[in-house]
Amino acid sequence: MSFRETLNLSEGAVLLLGNEAIARGALEAGVDVATAYPGTPSSEILEALISVRDRVGFYADWCVNEKVAYEVAYAAAASGLRAIVAMKHVGLNVAAEPLMSSAYTGVNGALVVVTADDPSMWSSQNEQDNRIYGFHSYIPVFEPYDPAEAKDMVKYLFGFSGEFKHPVILRTTTRVSHARGPVTLAPIPKLGRERNIGRFNKEERYVLVPSIARRDKKELLRRWESIVKRVNNVPFNRIEGSGKLLVIASGVSYGYVKEAAERLGESVTILKVGTPYPIPRELVLRSLDESGANKVLVVEELEPLVELQVRSLVNEVGINVRVVGKELVGLPYEMTFTRAYRALAKALGKDVAEVGWSAQRKPQAPKLPPRPPAFCPGCPYRPFFYAFRKFLNRSGIDYIVTGDIGCYALGRNPPYKLQDIVIEMGGSIGTANGFSIGTPQVVFAVIGDSTFYHAGLPPLVNAVWHKLPIITVILDNEVTAMTGHQPSPASRLNGQYIPPENVVRGFGVNFVRVVDPFNVGEVENALKEAVAHVRTAGKPAVLIVRRKCALEALRALRRAGVAVPKFSVNKEKCVACGICYRVFACPAIRKGSDGKAVIDAALCSGCGVCADICPAKAIEPIAEAGSVRSLIDKYWR
Amino acid sequence: MPLNSIVVGVGGQGILTLTRVLASSAVARGVKALVSETHGMSQRGGSVIVHLRIGDDVYAPLIPEGDGHLLIGLELVEAVRYSYFVRDDSVIIVNRRVIPPSLPDAEVPTEDELLKYLRELAGDNLVVLDASAEAQKLGNPVGANMYVLGYVAGLLSRAGVVSIDSCRREVGKIGKGRVREANIKIFEKGLSEGIRCERILKSICKASGVCRDS
Ligand SMILES: Cc1ncc(C[n+]2csc(CCOP(=O)(O)OP(=O)(O)O)c2C)c(N)n1
Ligand code: SF4
Ligand code: SF4
């Protein structure tokens with residue numbers, strides 16, 4: 001059942017993705033404004049909300065980055081509306097500035113901030129623990145353990161935030177956001193109604209000049225005090241079971257602890273914590289008291305945030321109880337059953353060597369090849385990196401390629417091996433500035449269109465301002481592909497298209513070329529001219545490499561009911577040079593047993609680039625060449 | 001203990017769809033299910049693994065290593081890659097298909113080598129389906145997931161944990177026009193095979209203890 005279909009239901013259990021459950025919770029709470037910038041594992045929250053916004057009656061849309069998304073939702077909440085903003089964990093770094101301030105001012109309606117963390121870095125550059133932002137900012141952090149609880153929590157949080165007129169953080173992780181589980185539905189109050197209109201009353205607390213900020217800080221601490229008391233009475237914190245070992249488990253760890261205790265056949269007291277910051281202090285004390293526990297085991301993912309609070313609490317109150325946590329559970333990466341099980345067994349003084357399921361004998365497995373992800377067949381980035389590699393090999397220049405976050409980061413893999421540093425969004429142009437100041441090497445920055453608009457504008461302005469000789473390559477596939485094809489300002493939608501060339505010309509970049517990656521020669525020439533320009537003029541150059549993401553183009557063909565054109569290898573002409581499958585490396589082209597190329601028609605997306613680069617002209621369209629060209633021109637510009 | 005299934009294959013084979021339909025059809029039958037997905041690799045030809053747990057006592061998303069009762073592989077290299085999840089008494093259901101990774105010099109074991117290993121692991125509890133071939137014959141060359149879905153749904157409906165009606169409804173919403181028609185045919189074919197596989201049903205029930213009256 002799609003998320004849209006569930007709109008018609010107001011009871012019963014359906015299977016929802018954790019992120020859809022969060023969206024559903026917002027709908028049941030009567031959300032007015034929802035914003036986000038995409039990022040795995042958070043993107044489906046806003047995707048789900050956008051898919052129903054017109055039928056329910058509220059505002060939902062993508063913003064250019066997380067800071068702006070935060071500010072939009074915050075202003076709505078300051079106007080008395082109920083707002084939610086969603087992002088991946090590292091997105092909260094980008095939005096950290098308004099986050100900190102929003103705690104000082106508070107809000108008028110409700111503001112729910114969703115941060116989807118990624119322990120184990122399944123699709124991220126780090127695994128920072130955003131619960132710590134709660135500590136840093138005086139914003140309470142709630143953490144669900146499964147999709148059903150995620151829905152209930154979000155709904156509850158709109159009320160909680162409204163009650164304290166204070167922002168709240170909902171922290172999920174990959175294994176909640178990207179888990180599917182049964183979620184019990186309740187009615188959606190606003191279904192089919194007009195959008196609510198807010199009003200901003202211009203209270204002074206919203207103007208953070210020093211004199212008012214000082215006053216706000218006192219108010220903030222007063223609110224915080226009531227929040228600290230209040231979390232003892234939220235339904236997501238509760239004591240279960242009985243036993244001399246008290247296990248305090250936060251978020252998804254709760255599920256593993258329950259399973260491990262069952263499997264060990266041991267009875268333990270579990271304090272399930274849904275508010276890792278601040279912890280429910282009274283509940284911790286009560287669970288210690290009721291269980292008579294002499295030992296506390298804290299099981300949580302990543303940093304010892306709950307553990308440190310528990311240690312400090314027992315210290316403060318003067319209770320003589322041993323607190324263990326990270327030394328048994330381990331710090332990095334996501335929670336697993338095995339980690340919880342071993343920690344629990346150790347804390348109970350049981351011998352973990354008895355664990356039967358991990359001690360099985362297995363036959364010798366055949367050696368398997370790795371299967372790394374690769375650019376899709378027909379991806380416009382492949383011919384770009386092919387041309388780029390060829391140009392660099394030929395020119396022999398001493399270069400640095402700074403990279404960025406997006407599908408194109410795969411260009412760092414063989415055979416192209418292009419991108420020497422990838423750290424964070426916008427980092428390509430920023431570090432290029434620095435490398436051009438600090439080294440004599442020719443510096444290229446490659447960045448996607450969505451990333452360019454997200455965080456690439458200020459560093460490019462800096463390069464123009466300081467006349468830095470860097471070559472910025474904007475890989476413009478007109479979409480935010482990596483995170484699931486959300487629109488970007490460079491998408492040609494509803495007339496709101498912002499062509500990057502207009503922007504960079506406006507910045508004062510004199511050398512701007514828009515090139516077609518399907519034309520490898522054109523890309524090579526433009527690179528050559530750009531290098532000459534930065535060398536002679538000592539100023540930045542920008543190349544815009546434009547062609548739609550292959551998946552988007554194929555979707556357009558499918559929607560139009562047009563068959564995808566296919567290419568095949570003429571065995572007579574093929575000389576088995578391997579350029580197409582080894583150097584160009586389209587996954588649709590394989591090496592046959594005779595070394596000649598074979599094209600898998602099921603995978604070919606018909607871009608036709610292989611036909612151009614083949615030195616023997618052995619690759620030919622299956623249909624008539626002219627018709628293939630016109631199809632590509634029509635659906636794949 | 002819940003029924004722990006590991007579903008694996010190559011991005012683009014429709015693994016998320018297969019698992020989603022199975023899990024929602026369990027929920028439709030009033031049984032709890034929890035799925036943990038890998039996103040992102042699915043469209044770029046990477047290796048994909050999904051954890052599917054069915055049973056009212058599931059609390060956590062990930063299946064412990066060595067605790068999978070059922071390994072469902074849409075591709076043989078990936079089935080072998082994730083075989084460390086299975087136990088001695090597990091059932092392994094695979095599609096007879098090897099997809100070489102797109103590295104020109106990758107050394108890929110043969111179908112026979114891969115199947116031999118899986119047979120050593122599972123013995124008589126290895127089921128090899130010609131899902132890709134059947135799907136091709138019935139009109140959707142990339143519909144192997146529908147065949148395997150039908151097969152497993154047949155087994156699990158007999159185990160009393162998924163609803164066939166719900167599966168049919170969900171399959172009827174996938175794709176459009178001719179693709180949809182082909183998918184339904186492929187699903188039904190798999191279902192008709194799976195539903196009468198008495199021996200494998202018994203093995204699944206024995207390994208997991210999940211079976212209810214059907
Ligand atoms: C601060 C931050 N926000 C979001 C993300 C998630 N993310 C990864 S790549 C990407 C954008 C990719 O879009 P684009 O630059 O257009 O490249 P494409 O994937 O289309 O090649 C995003 C938003 C992130 N890594 N960091
Ligand atoms: S999703 Fe689009 S941009 Fe990403 S690799 Fe595939 S074709 Fe290229
Ligand atoms: S036309 Fe050639 S390069 Fe393009 S997808 Fe097909 S095989 Fe690959």
Side-chain angles (χ1 to χ4, degrees), chain A residues 1-2 13-15 17 40-41 122-123 145-147 175-176 178-182 252 254-256 258-259 262-263 334-338 340-341 357-358 360 362-376 407 410 414 482-484 551 578 581-582 585-588 590-591 602, chain B residues 1 10-12 19-20 23-24 26-28 30 32-41 43-47 51 57-67 77-78 80-81 83-84 87-88 99-109 113-114 116-117 120-121 141-142 169-170 173 177:
Chain A
M1 196 177 310
S2 74
V14 294
L15 186 83
L17 189 68
T40 316
W122 295 110
S123 29
Y145 83 95
D146 75 353
R175 300 302 181 184
V176 174
H178 284 173
R180 278 177 206 274
V252 78
Y254 163 73
Y256 292 112
K258 244 174 119 73
E259 190 172 340
E262 251 173 45
R263 198 76 84 80
E334 70 181 357
M335 188 57 55
T336 61
F337 170 81
T338 310
Y341 183 86
W357 37 261
S358 59
Q360 271 179 65
K362 291 269 164 72
Q364 179 69 37
K367 201 168 168 302
L368 301 178
R371 194 188 297 277
F375 292 131
C376 307
C407 282
L410 290 172
M482 180 82 179
T483 48
L551 296 187
Y581 56 74
R582 203 184 293 281
C586 173
R590 299 198 189 287
K591 175 182 165 187
Chain B
M1 209 196 289
V10 177
T19 320
R20 180 174 52 79
S24 65
V27 171
K32 190 172 174 191
L34 211 50
V35 179
S36 189
E37 308 182 342
T38 7
H39 285 205
M41 294 303 117
Q43 283 165 332
R44 293 168 198 86
S47 139
H51 297 235
D57 49 350
V58 231
Y59 316 107
L62 296 180
I63 295 169
E65 279 179 25
D67 230 358
V77 173
E78 297 311 312
V80 171
R81 194 187 309 282
S83 60
Y84 60 85
R87 328 189 307 174
D88 295 340
I99 303 178
S102 67
L103 307 164
D105 300 311
E107 287 187 29
V108 187
E113 287 168 329
L114 295 162
K116 180 167 163 273
Y117 173 74
E120 275 173 43
L121 269 185
V142 292
R169 260 198 315 278
E170 293 297 319
K173 292 181 202 159

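Just the heavy atoms: all of them, side chains too, but no hydrogens, waters or symmetry mates, feed the values below.
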[X] portion near chain B, given a 4.5 angstrom heavy-atom threshold:
X	value
Q364(A)	backbone
C586(A)	neither
A365(A)	both

Heavy atoms only, distances under 4.5 angstrom: which of [options] has the most pairs with chain A? Name it, please.
options	result
P100(B), G30(B), A26(B)	P100(B)
V58(B), T19(B), V27(B)	V27(B)
A33(B), A106(B), G177(B)	A33(B)
P141(B), P104(B), S83(B)	P104(B)
R20(B), E120(B), E170(B)	R20(B)

(message) Can you confirm whether more than 12 heavy atoms, excluding those of K173(B), are under 6.0 Å from its NZ atom?
(response) yes
Measure the shortest side-chain to side-chain distance between [X] and [Y] over non-hydrogen atoms and say whether it is less than 4.5 angstrom.
X	Y	result
P369(A)	L103(B)	no
Y256(A)	P61(B)	yes
V35(B)	L17(A)	no
T336(A)	E65(B)	no
L368(A)	P109(B)	yes

(message) Let me confirm one number: the CG-CE distance from L62(B) to M335(A), rounded to the nearest 0.5 Å.
(response) 11.0 Å
(message) Once rounded to the nearest 0.5 Å, what's the spacing between atom CD of E259(A) and atom CE of M1(B)?
(response) 8.0 Å
Exercise: identify the closest heavy-atom pair between [X] and [Y]:
X	Y	value
Y117(B)	P363(A)	CE1-O, 3.4 Å
L34(B)	P147(A)	CD1-CD, 4.2 Å
P366(A)	L114(B)	CG-CD2, 4.2 Å
R263(A)	P64(B)	NH2-CG, 3.9 Å

(message) I'd like to know if R582(A) and D105(B) make a salt bridge, using a cut-off of under 4.0 Å between side-chain N and carboxylate O.
(response) yes
(message) So that I can tick it off, tell me whether R180(A) and E37(B) are bridged by a salt bridge, with the cut-off set at under 4.0 angstrom between side-chain N and carboxylate O.
(response) yes
(request) Name the option with the most non-hydrogen atom pairs under 4.5 Å to chain B; the candidates are G578(A), S2(A), P587(A), P414(A). (result) P587(A)
(message) I need the residue from A340(A), P370(A), S123(A), A588(A) with the largest number of non-hydrogen atom pairs under 4.5 Å to chain B.
(response) P370(A)
(request) Give, as side chain, backbone, both or neither, the part of I99(B) having an atom under 4.5 angstrom from any heavy atom of chain A. (result) both
